[in-house]
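Report on the following structure.
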Number of protein chains: 2
Amino acid sequence: MPENPSRPSKQSLRFVRAREAQACAVMEDYVEMIGDLIAELGEARTADIAERMGVAHPTATKAIARLKREGLAVSRPYRGVFLTEEGEAMAHRVRARHRSVVELLVAVGVPRETAEIDAEGIEHHVSQQTLAAFDKYLAGKE
Amino acid sequence: MPENPSRPSKQSLRFVRAREAQACAVMEDYVEMIGDLIAELGEARTADIAERMGVAHPTATKAIARLKREGLAVSRPYRGVFLTEEGEAMAHRVRARHRSVVELLVAVGVPRETAEIDAEGIEHHVSQQTLAAFDKYLAGKE
DNA sequence: TCTTAAGTTTAGCCTTGGCTAAATAAATTT
DNA sequence: AAATTTATTTAGCCAAGGCTAAACTTAAGA
């Protein structure tokens, strides 16, 4: 069997990795957003989540269902959404990474507003090692 | 009508952008890969494309069909795939951007091997402005 | 309280991008 | 030339993540 996607060749590894990262991206975004809303407003409602994510309500509802299924969030019907400990932890991690990515982009000369936009897509593909390098670089800058 | 996904709020813009970028990502990867294979081997066969992208044959076949539908590639049944002028142009653009992203990551201290992996996901979210900033930064470092 | 307004969920559709299994075509070997 | 191997495509499945329209709950106002 010369072809076996479960044991990818050296060449294809980075594509497989990128796809894996992408699969987490949406969940990470929702978790972070729910964290933000709770911090700001005390609770995260479907409508607010949808509005800020730029999607229709039912899309947010589906995403929330998936978060619950994966143990990242909890909610009772027609009530606000809250994060589990695991969700909370992910939100913190994601928020910190987001900040580092934005700061690094700014540090190398990207306008802040552009950095904010691009970071939203970039952050999900920044590995531990790369994040560590970013933080070290930023620490070295002052 | 307070909610209208087609005119996203300021808050949600960056998510909409990230989703748009993601939608192009797969096409960009295939186009670049086809370009690589043609450069290396003179033609791009389905099996080779699939192998290097880390997917099963039929997945590559489907992607190729979409490339053709969008005017980026051409092929006759059971024959190799080739790029249109538009596809060629995209391949060049993507390749250049990829190089810049890798070099920037290396320049800020990311190990080259990690940079190669992470760049694969990151590159698709690097806007013109950010790319310009990267190139300027790299030129300054020379 | 009862009606209306606002918010949430459910139902059902679409596309993308994965997959496996089967059919078909091309190339190679005997 | 025929048979076998190799390569490609087709068929059909699945999940994710979009959407709209309709149903259902909750909250608010008359």
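Proteins come first, then strands; the chains are lettered A, B, ... in the order of their sequence lines, and each starts at number 1. The figures that follow rest on heavy atoms only: side chains count, while hydrogens, waters and symmetry mates do not.
In this structure, B/Tyr30 places its OH atom 9 Å from C1' of C/dG18, rounding to the nearest Å. If you measure from atom CD of A/Glu51 to atom P of C/dG7, you get 12 Å, rounded to the nearest angstrom. A/Glu20 has its CD atom 15 Å from the C1' atom of C/dG17, to the nearest Å. Atom NZ of A/Lys62 and atom C1' of D/dA15 are 10 Å apart (whole Å). One atom, CD of A/Glu70, and another, P of D/dA16, lie 8 Å apart when rounded to the nearest Å. In this structure, A/Asp48 atom CG and C/dT8 atom P are separated by 7 Å, rounded to whole Å. Here D/dA16 presents its P atom at 16 Å from CD1 of A/Ile64, a figure rounded to the nearest Å. Atom NZ of B/Lys68 and atom C1' of D/dT10 are 14 Å apart (whole Å).
Here A/Thr61 lies in heavy-atom contact (under 4.0 Å) with a base. In this structure, A/Thr59 reaches the bases: a heavy-atom distance under 4.0 Å links it to at least one base atom across the strands shown.
For A/His124 and A/Glu28, the side-chain atoms include at least one donor-acceptor pair closer than 3.5 Å. With no hydrogens or angles considered, no side-chain donor-acceptor pair links A/Glu103 and A/His98 at under 3.5 Å. With hydrogens and angles left out, the side-chain atoms of B/Glu120 and A/His125 include no donor and acceptor closer than 3.5 Å.
Two residues, A/Ser75 and B/Met27, neighbour DNA chain C, and the one matched to the more 5' nucleotide by heavy-atom proximity is A/Ser75. Nearer the 5' end of DNA chain C, as judged by each residue's closest nucleotide, is the contact made by B/Ala25, out of B/Ala25 and B/Tyr78.
In B/Glu40, the CD atom is crowded: over 12 heavy atoms of neighbouring residues, nucleotides or ligands sit closer than 6.0 Å.
Between A/Arg69 and the phosphate of D/dA15, there is no side-chain N or O to OP1/OP2 separation shorter than 4.0 Å. A close approach under 4.0 Å does occur between a side-chain nitrogen or oxygen of B/Arg66 and OP1 or OP2 of C/dT16. An OP1 or OP2 oxygen of C/dG18 is reached within less than 4.0 angstrom by a side-chain nitrogen or oxygen of A/Arg19. Residue B/Arg79 has no polar side-chain atom (N or O) positioned under 4.0 Å from OP1 or OP2 of D/dT8.
Closest to the side chain of B/Arg45, from the set D/dA7, C/dG18, D/dA21, is D/dA7. With C/dT9, C/dC19, C/dG18 as the candidates, the nucleotide lying closest to the side chain of A/Pro58 is C/dT9.
Side-chain contact between A/Thr46 and A/Asp48 is absent, with no heavy atoms from C-beta onward closer than 4.5 Å.
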